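For reference, the structure is listed below as structure tokens.
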There are 2 protein chains.
Amino acid sequence: MPHHSILDILPEQLRKEAMEKIQVMRFPAGRILFSAGEHCQGLPLVLKGSVKVQMTGVSGHSIVLYRMGKDDICTLSIGCLMTGRGYRAEAVVEEEGEAAMIPRGVFDRLMDQSPEFRLGIMESYGRRLDDLMLLVEEVAFHRMDERLEEWLQARASRGVITITHQELAVELGTAREVVSRLLKELERQKMVSLSRGKIELTGLLDSSALAGA
Amino acid sequence: MPHHSILDILPEQLRKEAMEKIQVMRFPAGRILFSAGEHCQGLPLVLKGSVKVQMTGVSGHSIVLYRMGKDDICTLSIGCLMTGRGYRAEAVVEEEGEAAMIPRGVFDRLMDQSPEFRLGIMESYGRRLDDLMLLVEEVAFHRMDERLEEWLQARASRGVITITHQELAVELGTAREVVSRLLKELERQKMVSLSRGKIELTGLLDSSALAGA
DNA sequence: ATAGTTCAGTGATAAAGTCACACAGGAACA
DNA sequence: TGTTCCTGTGTGACTTTATCACTGAACTAT
């Protein structure tokens, strides 16, 4: 493996000590790591898979804030741990994977002893800040039809996406009806073909066709 | 003073070493600390006054992301320093004040040697994350008229606010025309009275009247 | 006073969000 | 093999917000 987890690059002595107190847990897709209002039980460091973090507004509408992948530590949890306040958002496993649950004491010790670990934490924070700033800009200033098309293209590894309009609305932070209408318009333009719970990219949006051509 | 700067609580030896390499600078209101695209020249730690951070979208519209106050370190700068990439946003001094410019080496040393400093940094990051998450929720799900009223009330220390509609539009991440129309409607409802560059709170919005009563 | 600049107001139109409801596709079950 | 139920989708009507294109008002400098 060319890539090591942030825990693997610790000095041997420190690593051994840490690993004794860290539990590694497997998470199936769909598993909720924490919900809004709950209190922090330890810092999840994602080792494999991906987790999406979303929040629900007073209106009851939700929006996906960002995703965590390999070597991301949950910066939200750090904040909750420090302040003792509950989570403001919810974390849901998207691709099954595993995470190391780091207890507070170990976290403090690693921050104290390892420059590499510190760097990893700062990078996680940096990514989160960047993600959120970009999201604010998107939500505030970009048109919904463009955002939808971009989202579809970004996930178009295969030509078919399995998702409901409601879930897609949460991804974009809008209402289900808006997504349904925009998708219908894309279908009229022969860019997608729709069926229950499924979106097939067909026209200019279908990058897999281009790759295969 | 009951409150000490994060630098004051460092152990004496460390503090002396650090202060030798840290420049304290005064900033007048309106002064731009950094602009989008620029590269990081050092980490500003706000000692006094306040700084607003705003970003401009491709469309040319801007939005205020968050504000920094006493003891906030510019988390955006940490990220820029680490990755070597340019700033994505712009920082403007709002209330004149002063900031300590911490060079990279000193920052690394303080992170290594001082748990108190580390805690301060993590708290700054936590606040930023919180601010941005709340902002996303606001922008995505709240109505503009409510957001405008809340903004006005939050700043209504005195009954008069000195701001142009354009500046207010940037605060809320919308267009100047929208602000003008909503304000005009508030004026019809006797909540405010408008004049060039000035908004006077008069009706239910005027908390200073309540306090004085 | 005059010219130039910044601010504010407003109509027309397009995009997006809300509300209310109809209907379609599957799953479960009799 | 229907019938029932649930979830997902489509759509009309209406409101709110964004955009475009102007007009005119208020201040500034000469």
Side-chain angles (χ1 to χ4, degrees), chain A residues 30 56-64 135-152 160-201, chain B residues 30 56-63 135-152 160-202:
Chain A
T56 301
V58 280
S59 56
H61 286 174
S62 302
I63 182 169
V64 172
L135 180 59
V136 168
E137 204 262 344
E138 279 255 326
V139 171
F141 303 132
H142 289 350
R143 293 181 40 146
M144 200 49 85
D145 53 358
E146 285 168 13
R147 291 177 56 206
L148 175 59
E149 287 185 32
E150 279 163 23
W151 194 96
L152 291 173
V160 179
I161 300 171
T162 302
I163 194 171
T164 66
H165 296 186
Q166 177 57 53
E167 288 164 340
L168 199 32
V170 171
E171 291 289 333
L172 300 173
T174 182
R176 197 266 315 158
E177 299 92 309
V178 174
V179 170
S180 289
R181 268 190 260 263
L182 290 174
L183 281 174
K184 211 64 195 164
E185 178 57 28
L186 283 180
E187 193 176 43
R188 274 190 281 274
Q189 294 170 17
K190 313 279 187 206
M191 309 281 274
V192 302
S193 96
L194 302 174
S195 52
R196 189 188 175 87
K198 222 168 55 183
I199 301 170
E200 192 177 348
L201 306 192
Chain B
T56 300
V58 280
S59 56
H61 285 175
S62 302
I63 183 170
L135 181 59
V136 168
E137 204 262 343
E138 279 256 327
V139 171
F141 303 133
H142 289 351
R143 292 181 43 143
M144 201 49 85
D145 53 358
E146 286 167 14
R147 291 178 56 208
L148 175 60
E149 288 185 31
E150 279 163 22
W151 195 96
L152 291 174
V160 179
I161 300 170
T162 302
I163 194 172
T164 66
H165 296 185
Q166 176 57 52
E167 287 164 341
L168 199 32
V170 170
E171 291 288 334
L172 300 173
T174 183
R176 198 265 315 159
E177 299 92 310
V178 174
V179 171
S180 290
R181 270 191 258 264
L182 290 174
L183 281 174
K184 211 66 195 163
E185 178 57 28
L186 283 180
E187 192 175 43
R188 275 188 282 274
Q189 294 169 17
K190 313 282 187 201
M191 310 281 274
V192 301
S193 97
L194 303 174
S195 52
R196 188 187 174 89
K198 221 167 56 182
I199 301 170
E200 191 177 348
L201 307 192
T202 54

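Remember, predicted model here, so these are calculated numbers, not experimental data. A, B, ... follow the sequence lines: proteins, then strands. Residue 1 opens every chain. No hydrogens, no waters, no symmetry mates; every other heavy atom, side chains included, goes into these values.
In this structure, E185(A) atom CD and dA15(C) atom C1' are separated by 12 Å, rounded to whole Å. In this structure, NZ of K184(B) is placed 11 Å from C1' of dT10(C), rounded to the nearest angstrom. Whole-Å rounding puts the I199(A) CD1 to dT9(D) C1' distance at 12 Å. The nearest whole Å value for the distance from the CG atom in L186(A) to the C1' atom in dT9(D) is 15 Å. When the P atom of dT15(D) is taken as reference, atom NE2 of H142(B) falls 23 Å away, rounded to whole Å. Atom C1' of nucleotide dT17(D) and atom NE2 of H165(B) are separated by 17 Å, given to the nearest angstrom. Between K198(B) atom NZ and dC27(D) atom C1' there is a gap of 13 Å when expressed in whole angstrom units. Summarising the geometry, the separation between CZ on R176(A) and C1' on dT18(C) is reported as 12 Å, rounded to the nearest angstrom.
Nearest to the side-chain atoms of R196(B) among the listed nucleotides dT17(D), dC27(D), dA21(D) stands dC27(D). In this structure, the nucleotide among dA21(D), dG10(D), dT17(D) sitting nearest to the side chain of M144(B) is dT17(D). Each of dT18(C), dA8(C), dA12(C) was ranked by its minimum atom distance to the side chain of R181(B); first place goes to dA12(C).
By the 4.5 Å heavy-atom criterion applied to side chains, L183(A) and H165(A) are counted as neighbours.
Residue contacts for R143(B): at a heavy-atom cut-off of 4.0 Å it reaches the sugar-phosphate backbone alone, with no base atom in range. Within 4.0 Å (heavy atoms only), H61(A) reaches sugar-phosphate atoms of the nucleic acid but no base atom.
Proximity of T174(B) to the phosphate of dA18(D): a side-chain N or O atom is located under 4.0 Å from OP1 or OP2.
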### Query
What's the verdict on salt bridge (charged side-chain N to carboxylate O under 4.0 Å, His left out) for E150(A) and R147(A), showing C-alpha distance, side-chain angles and the deciding distance?
CA-CA 5 Å; E150(A) 279 163 23; R147(A) 291 177 56 206; over 6 Å; no

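The shortest non-hydrogen separation linking M191(B) to E149(B) is CE-OE1, 4.4 Å.
The distance from the OG1 atom of T162(B) to the CD1 atom of I199(B) is 9.0 Å, given to the nearest 0.5 Å.
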